[in-house]
S.K.: 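Dumping the structure here so I can ask a few things about it.
In what follows, every chain begins at residue 1, and chains take the letters A, B, ... in the order their sequences are listed.
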Protein chains: 2
Amino acid sequence: MVHVRTDTDRWVDMLREHGHHITAQRLAVMQAVSHKPHITADEVAEASRAEIGSISKQSVYDALHVLVQVGLLRRIQPEGSPALFEDRVGDNHHHLICRDCGCVVDVDCAVGDTPCLTARNDQGFVIDEAEVAYWGRCPECHTHHITR
Amino acid sequence: MVHVRTDTDRWVDMLREHGHHITAQRLAVMQAVSHKPHITADEVAEASRAEIGSISKQSVYDALHVLVQVGLLRRIQPEGSPALFEDRVGDNHHHLICRDCGCVVDVDCAVGDTPCLTARNDQGFVIDEAEVAYWGRCPECHTHHITR
DNA sequence: CGAGAGTTTTGGACTCAGTCAAAGTTTACC
DNA sequence: GGTAAACTTTGACTGAGTCCAAAACTCTCG
Ligand SMILES: [Mn+2]
Ligand SMILES: [Mn+2]
Ligand SMILES: [Zn+2]
Ligand SMILES: [Zn+2]
């Protein structure tokens, strides 16, 4: 019987590689985020509780921090929103954000793979990330807006 | 004697055009922001108090909101920072942000004038702003970091 | 398997930036 | 100058997240 490498296996390895313990809480948090990208800490808590019975608010935040550190999760925080977490990492993708309903949608980088890391004049800064947020209205909200 | 059109004149006109009252508080807030770009609400309060004696926290927030609305100010909010205000508006410039000291520096848009408003695939969104934040280390922080 | 070291989780108090709401004050306009 | 609308003040309140010290757990090694 062949062993199929599951997501969980990957998460476990990644945590171990970085010298972290494997806990039910951390796996539940990964599960929650992988099932709903751009999820809030609060929603993660809710989903994790459904999964493992109970988890404290603090553990959710701790787990999210560790998982971001080891590179399994990415944290974004649009203005006016609490932090959002996603498991699509390492591809430097960007986000479309609706001003009305706040929904967030992935969008591939317009420039390339390791892209947009070059500002026209970097003023001596050593840049490691270019974060792009496109603000506007999602299709639904736009329709409502003009037909009102 | 010729009348020289001051910044204050411009602020006053702009407020009036939008049907807002001219108040000492609003002018003091404009003054504060124009003297220190990327200033926090708290720092605005402090500076305004020095200018006009006293102003409540709430009035500072109210004034900042109105001034953003009429287009005299712009509000940005890097992750992990309270909101920052600046009077350089309408030029779609972007920001370099230091991960260590949090300092914020202006950088011209890499694309052009009404630029970067085109995502590769906008998924039906009607985009009105492309916000770009370049994250990294400022010259000083970078030096300290590698020589430590 | 069992013990010990080191890590993680918990719950509760706390912070910080910002908002709400009601009463008092100022501004604009006739 | 008098009036209505707009603005400011004060103080309580919220939401998201952090701090802390004690209790519980995971991992490693004998
Ligand atoms: Mn995303
Ligand atoms: Mn700026
Ligand atoms: Zn929408
Ligand atoms: Zn710095």
S.K.: Under a 4.5 Å cut-off applied to non-hydrogen side-chain atoms, are A:V107 and A:Y134 in contact?
M.R.: yes
S.K.: Can you measure from CZ (B:R10) to CG (B:L15) and round to the nearest 0.5 angstrom?
M.R.: 11.0 Å
S.K.: Side chain to side chain contact (heavy atoms under 4.5 Å, CB included), that's the test. Do B:H94 and B:E131 meet it? Break it down for me.
M.R.: CA-CA 7 Å; B:H94 303 312; B:E131 188 190 1; 6.0 Å; no
S.K.: Consider only side-chain heavy atoms of I, L, V, M, F, W and Y, link residues closer than 4.5 Å, and tell whether B:M30 and B:Y61 are in one cluster.
M.R.: no
S.K.: Salt-bridged, A:D128 to B:R99, with N to O below 4.0 Å?
M.R.: yes
S.K.: Any side-chain heavy-atom pair from B:E86 and B:K36 closer than 4.5 angstrom?
M.R.: no
S.K.: Does the B:H20 side chain pair with the main chain of B:R16, one donor and one acceptor, at a distance under 3.5 Å?
M.R.: no
S.K.: Begin with the C-alpha distance, continue with both residues' side-chain angles, and end with the deciding distance and a verdict on side-chain hydrogen bond (donor to acceptor under 3.5 Å, both in side chains) for A:E51 and A:S48.
M.R.: CA-CA 5 Å; A:E51 186 81 12; A:S48 303; over 6 Å; no
S.K.: Would you call A:H21 and A:R26 a side-chain contact if the rule is heavy atoms closer than 4.5 Å?
M.R.: yes
S.K.: Around atom CG of B:D13, are there more than 12 heavy atoms from other residues, nucleotides or ligands closer than 6.0 Å?
M.R.: yes
S.K.: Ignoring hydrogens and angles, state whether a donor on the side chain of B:E140 or B:T143 is under 3.5 Å from an acceptor on the partner side chain.
M.R.: no
S.K.: Distance under 4.0 Å to a non-hydrogen atom of chain A counts as contact; along DNA chain D, which nucleotides mark the start and end?
M.R.: D:dA16 to D:dC27
S.K.: Kindly calculate the angle separating the two end axes of the helix from C:dC1-D:dG30 to C:dC30-D:dG1, each obtained from five base pairs, and round it to 10 degrees.
M.R.: 30°
S.K.: For B:D7, does the CG atom sit with more than 12 other heavy atoms under 6.0 Å from it, leaving out its own atoms?
M.R.: yes
S.K.: Hey, can you pull the residues of residues 8-28 of chain A with a non-hydrogen atom under 4.0 angstrom from DNA chain D?
M.R.: A:R16, A:H21, A:I22
S.K.: Got a sec? Which of residues 46-73 of chain B come in under 4.0 Å of DNA chain C, heavy atoms?
M.R.: B:K57, B:Q58, B:Y61, B:H65
S.K.: Contacts to DNA chain C from residues 74-88 of chain A, heavy-atom cutoff under 4.0 Å, which residues?
M.R.: none
S.K.: Can a donor-acceptor pair be found between the side chains of B:D62 and B:S59 at a distance below 3.5 Å?
M.R.: no
S.K.: Donor-acceptor pairs under 3.5 Å, side chain of residues 68-85 of chain A to any protein atom, not counting sequence neighbours: which ones?
M.R.:
from: A:R74; atom 1: NH1; to: A:H93; atom 2: O; distance (Å): 3.2
from: A:R74; atom 1: NH2; to: A:H93; atom 2: O; distance (Å): 3.3
from: A:R75; atom 1: NH2; to: A:Q77; atom 2: OE1; distance (Å): 2.8
from: A:Q77; atom 1: NE2; to: A:S81; atom 2: O; distance (Å): 3.4
from: A:E79; atom 1: OE2; to: B:Q77; atom 2: N; distance (Å): 3.3

S.K.: Looking at B:L96, is its backbone amide N or carbonyl O close enough to the side chain of A:Q123 to form a donor-acceptor pair, meaning the two atoms are under 3.5 Å apart?
M.R.: no
